Amino acid sequence: MGYIRLHPVWRGPNVFKPILLVLTVATPVIADPITTGPRPLYLIDLLEPGLLKNKLMSCANDPVKRTNFSIGHRGAPMQFPEHTVESNVAASRMGAGILECDVTFTSDKQLVCRHAQNDLHTTTDILATNLAAKCTVGFTSAEHDGRANAECRTSDITLAEFKALTGKMDAANVKALTIKEYMDGTAGWRTDLYAADGGELMTHAESITLFKSLGTKFMPELKSAAVKMPYDGFTQEDYAQKMIDEYKSANIPASDVWAQSFNLDDILYWIKNEPEFGKQAVYLDGSFRASGWNSNNPDTWVHQMNDLKAMGVNYLAPPIWVLLKLEDGNIVPSEYAVKAREAGLKIITWTMERSGPLQSGGGWYYQSIRDVINSDGMMYQVIDVLAQDVGVTGIFSDWPATVSYYASCMGLE
């Protein structure tokens with residue numbers, strides 16, 4: 001049996017692009033060394049003096065180990081085009097033990113990795129290709145109504161057409177007058193440095209092959225369709241089953257897969273029809289969107305924790321801010337977090353390193369604790385509370401090195 005892994009291939013001066021090669025000899029995969037670069041220590045330098053800073057600094061010369069606590073959110077999209085080969089290789093090299101493919105489908109009902117079915121106009125070069133003519137909404141410049149716009153869906157094109165596209169940093173300049181300007185909107189705290197050659201898009205099946213070759217585990221998310229379901233006879237149940245079937249076809253054990261969805265019905269489908277996969281199905285709880293919802297008032301919750309557990313749900317995944325609150329100026333677990341743990345639910349959370357600089361409160365992901373968030377160094381304080389006090393089993397990150405360093409230093413699996 002051969003093994004698949006990534007090798008750098010010369011593409012010109014100072015440019016290497018990884019490609020997949022199949023080795024014909026039965027030698028084991030040799031994992032790339034795990035390196036976290038300067039960012040973790042940079043963030044630790046910004047921490048206030050104390051026990052946490054001392055502990056994290058004490059690990060500065062220790063090797064970082066791969067850990068399931070560190071989950072690559074779309075790979076490593078803080079600096080690499082999301083859901084591309086390059087982004088996921090980078091995440092693996094930073095110690096992420098689990099990688100994510102957000103799963104949607106093309107017009108010929110093939111599963112591919114994209115954060116949303118309708119994000120091709122911001123995450124790929126489709127608008128600069130002939131396939132732009134197939135987009136649900138073509139490009140209109142800001143001169144028409146003050147805001148540039150487009151909408152391109154994976155369901156607008158076939159799998160072959162999807163594979164002809166190139167990934168770019170997820171961004172759009174809404175003030176653009178031209179397509180070129182529209183595609184050039186990357187935030188200043190991100191970079192286009194690793195997108196110059198573009199990123200290689202993946203089918204869901206290709207992501208399974210890649211992640212297996214990298215020695216990581218799998219956390220696919222079944223995305224809500226932008227098209228009306230059923231789609232050409234393709235039902236929501238067909239969609240949920242097709243995603244699981246691709247793991248079974250690749251002989252991936254269910255214990256290595258955490259299938260996610262914001263749709264509770266998907267989770268319940270897997271629990272009933274694929275019970276081994278259902279054991280680790282992750283309910284991405286989006287009920288915080290409900291009017292009047294309050295993470296510290298159970299009377300406002302859409303679901304009670306014991307009810308979810310009784311349905312067979314074992315994993316719950318809300319955003320970071322839902323799990324935290326301030327008490328006498330200290331960051332502590334929210335009532336939501338406490339009740340979830342009391343019900344026996346395991347918790348995963350999202351997303352670290354997605355907010356940009358934290359000097360002015362940290363934005364959406366830190367909204368429940370914004371009054372004390374005043375520097376990037378506080379990321380490690382937040383991670384520490386999530387790990388030690390809330391007891392999360394994993395944290396998604398747009399730059400997995402930050403979480404990997406913490407988990408390895410603290411001895412988390």
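Everything numeric in this text was worked out from a predicted model, so none of it was measured.
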Side-chain heavy-atom pair L268, M311 within 4.5 angstrom cut-off:
yes

Salt bridge or not between E161 and K134? Use side-chain N to carboxylate O under 4.0 Å.
yes

So how far is it from E100 CD to T351 OG1, rounded to the nearest 0.5 Å?
8.0 Å

Looking only at heavy atoms, which two atoms of C113 and T203 are closest? And how far apart?
SG-O, 3.8 Å

Looking only at side-chain N and O atoms, does T186 offer a donor or acceptor that is under 3.5 Å from a partner on D192?
yes

Salt bridge check: are E353 and R39 linked by an N-O gap of less than 4.0 Å?
yes

Atom pair CG (D108) and CG (L159), whose distance is rounded to the nearest 0.5 Å
5.5 Å

Exercise: do N294 and T300 side chains pair donor with acceptor under 3.5 Å
no

For the residue pair Y336 / D285, report whether a side-chain donor-acceptor contact shorter than 3.5 Å exists.
yes

N130 atom CG, neighbour heavy-atom count above 12 within 6.0 Å:
no

Quick one: pull up CD1 in I331 and OG in S368 and give me the separation to the nearest 0.5 Å.
8.5 Å

Please determine whether a side-chain nitrogen of the Lys or Arg among K163 and E206 lies less than 4.0 Å from a carboxylate oxygen of the Asp or Glu.
yes

Going by distance alone, is a donor N or O of one side chain under 3.5 Å from an acceptor N or O of the other, for N314 and K309?
yes

Gap separating the CG atom of D376 from the CG atom of D45, nearest 0.5 angstrom:
12.0 Å

Would K109 and D238 pass as an ion pair if we require N to O under 4.0 Å?
no

Answer yes or no: is there an ion pair linking E151 with R153, defined by an N-O contact shorter than 4.0 Å?
yes

Determine, stepwise, if the pair E274 / Y269 fulfils side-chain hydrogen bond (donor to acceptor under 3.5 Å, both in side chains).
CA-CA 8 Å; E274 291 288 352; Y269 174 87; over 6 Å; no

Note: F80 and A90 closest approach over all heavy atoms is CE1-CB, 3.6 Å

Check the pair R190 / D398 against salt bridge (Lys or Arg N to Asp or Glu O under 4.0 Å), numbers first and verdict last.
CA-CA 11 Å; R190 290 182 171 172; D398 276 15; 3.6 Å; yes

Are the charged groups of D125 and K168 less than 4.0 angstrom apart, N to O?
no

Rounded at 0.5 Å granularity, tell me how far CG in L127 sits from SG in C152.
4.5 Å

Examine R289 relative to F262 and say whether NZ or CZ is less than 6.0 Å from the centre of the six-membered ring and inside a 45° cone about the ring axis.
yes

Inspect the contact between D102 and R114 and indicate whether a charged nitrogen and a carboxylate oxygen are less than 4.0 angstrom apart.
no

Anything under 30° is parallel, anything over 60° is perpendicular, the rest tilted; go ahead and classify W321 against W364.
perpendicular

At their closest point, which heavy atom of S334 faces which heavy atom of V322, and how far apart are they?
OG-O, 2.7 Å

